[in-house]
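First up is the structure itself, then whatever we jot down about it.
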Number of protein chains: 2
Amino acid sequence: MRHKGNTNPPGRIKIMTAFSRLMAQKDFHSITTAEIAGNAAVTEGLIYKYFKDKKDLLYQVLNQHFLEFQAKIQDRIAHAPSCIEQIGILIFSSLESYIENRVFSRILLLEVRNSLAFFDSGAYEMVREYSRTLLEIIETGIRNGELKPDVDAVILRKVILGAIEHACLGEIIFDKELDIERMSTGIAKIVFNGVKA
Amino acid sequence: MRHKGNTNPPGRIKIMTAFSRLMAQKDFHSITTAEIAGNAAVTEGLIYKYFKDKKDLLYQVLNQHFLEFQAKIQDRIAHAPSCIEQIGILIFSSLESYIENRVFSRILLLEVRNSLAFFDSGAYEMVREYSRTLLEIIETGIRNGELKPDVDAVILRKVILGAIEHACLGEIIFDKELDIERMSTGIAKIVFNGVKA
DNA sequence: TTTTTGAGTAAGTGTTACTTACCTGCTTGA
DNA sequence: TCAAGCAGGTAAGTAACACTTACTCAAAAA
């Protein structure tokens with residue numbers, strides 16, 4: 001049966017950290033419950049005391065990482081004066097978080113999306129909040145004249161989020177370095193000024 | 001053992017079409033080999049005559065879909081006069097293919113990326129070719145003055161590919177409609193002209 | 001006529017995610 | 001004060017799954 005207690009017992013923490021460690025080395029499907037339990041020095045059964053199933057464990061680890069991501073970005077954006085700068089900061093901070101926290105990125109960009117169960121999870125709600133934040137910035141920018149009045153806010157959001165994700169996807173998959181500063185200013189320049197001569 | 005013959009026997013075709021049908025209904029991991037065999041009216045063992053494992057079946061189905069995708073895009077681009085138009089066509093045709101061929105999209109955007117084995121597959125080579133095509137168009141555009149001379153071609157490619165993927169991701173996942181014309185011209189407008197007032 | 005070979009089958013097998021029943025010590029309230 | 005309840009954790013399963021092995025059959029080659 002599922003656990004009811006609302007504390008955070010050592011076994012639960014050990015399972016999550018062991019799983020995070022393993023996610024840094026290999027993909028979700030090739031990590032076995034036996035392996036998780038072994039690394040956490042608990043029995044397999046305990047995993048199912050704290051997590052509904054293996055996927056639920058994945059989502060909760062993602063959730064935990066997401067909290068830091070969210071907090072950092074919201075804080076930085078709050079201190080920026082203009083919408084243009086806020087968008088620049090969001091691009092930079094997102095890339096920075098993706099690159100610095102590769103376990104988080106691997107899970108969010110590569111592992112969870114293939115299962116519909118994710119979209120009912122709390123972690124997905126955080127994705128939506130992040131996405132909503134960007135939309136609000138864009139809409140404010142259009143209203144106060146920083147952005148062109150005929151810009152489609154929803155499409156612009158898709159362009160920005162897509163660019164961010166695609167920018168670090170290869171680097172996450174193949175474990176390469178990324179010049180975050182160069183990439184984020186490059187993306188911002190294209191989106192803000194366009195590329196047509 | 002793996003099959004050696006180079007024909008395309010009925011069993012093999014039945015397995016691939018049955019699997020494609022199933023992929024339209026549910027995600028890869030929840031499709032069982034028994035289910036595939038049952039739908040194809042063959043025995044489970046035959047799957048492993050023609051495919052190394054379940055993932056290999058996935059990659060080969062993707063490959064097959066990709067051939068049509070590639071052919072359509074290359075053909076359309078060849079008939080466009082300018083780089084600007086070629087990029088517009090690539091955006092439109094990609095979105096169209098993603099939306100019209102959802103099995104292909106689900107596999108490419110959601111299912112294969114989580115396993116490193118994919119990046120050794122023939123299907124991934126086609127992704128690279130598609131990506132290379134876009135880069136060449138951009139570089140030509142910069143050289144002949146259609147695009148700004150200081151544009152970073154690699155970053156621009158990431159913005160465009162990211163925007164395309166993100167534009168139809170939600171629609172693929174949640175099985176929604178998409179106004180392809182509106183979306184592709186919207187993306188092109190932002191990328192070409194920028195959004196800053 | 002015999003041999004080879006590709007297409008396909010039947011019956012496994014080891015692993016894996018997940019379950020069930022249990023133990024153990026700590027708190028708590030009657 | 002002590003039994004009851006409960007949270008943390010364990011041990012030993014089990015069903016289902018991906019994948020394997022050893023086989024049959026038919027038709028073309030030799």
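Each chain gets a letter, A, B and so on, in the order the sequences are listed, and its residues count up from 1.
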Scan A:Ile31 against the nucleic acid and name what it touches under 4.0 Å (heavy atoms): base, sugar-phosphate only, or nothing.
sugar-phosphate

B:Lys49 NZ to D:dT20 P, in whole Å, measures 12 Å

From CD1 of B:Ile47 across to P of D:dA18 the rounded distance in Å is 9 Å

In whole angstroms, the gap separating P of C:dA17 from NE2 of A:His29 amounts to 8 Å

From CD of B:Glu44 across to P of C:dG14 the rounded distance in Å is 17 Å

Please step through side chain to side chain contact (heavy atoms under 4.5 Å, CB included) for the pair B:Gln64 and B:Gln60, ending with a clear verdict. CA-CA 6 Å; B:Gln64 191 188 250; B:Gln60 295 210 34; over 6 Å; no

Using 4.0 Å as the upper bound for N to carboxylate O, is an ion pair formed by A:Glu165 and B:Arg113? no

Looking across every strand, which nucleic acid part, if any, lies under 4.0 Å from B:Thr43 by heavy atom: base, sugar-phosphate, or nothing? base

Quick note, A:Tyr50 side chain, CB onward, closest among C:dG8, D:dG9, C:dT9 is D:dG9

Whole-Å distance, A:Leu22 CG to C:dT16 P, equals 13 Å

Rounded to whole Å, the CG-C1' distance (A:Leu46 to C:dC22) equals 14 Å

Does OP1 or OP2 of C:dT19 have a side-chain N or O of A:Tyr48 closer than 4.0 Å? no

Practice task
Inspect the surroundings of CD in A:Glu177 and state if more than 12 heavy atoms from other residues, nucleotides or ligands are less than 6.0 Å away.
Solution key: no

Value for CG (A:Leu57) from OH (A:Tyr48), rounded to nearest 0.5 Å, stands at 9.0 Å

Touch check for A:Gly45, heavy atoms < 4.0 angstrom, all strands: base, sugar-phosphate only, or nothing? base

From CZ of B:Phe51 across to P of C:dA7 the rounded distance in Å is 12 Å

Separation of C:dG8 atom C1' from B:Ile13 atom CD1, nearest Å, is 15 Å

Derivation of the side-chain hydrogen bond (donor to acceptor under 3.5 Å, both in side chains) call for A:Glu35 and A:Asn39: CA-CA 6 Å; A:Glu35 214 172 355; A:Asn39 265 268; 5.5 Å; no

| So, is B:Lys54 near the phosphate of D:dA18, with a side-chain N or O under 4.0 Å from OP1 or OP2? | yes

- OP1 or OP2 of C:dT16 sitting under 4.0 Å from any side-chain N/O of A:Thr33? no

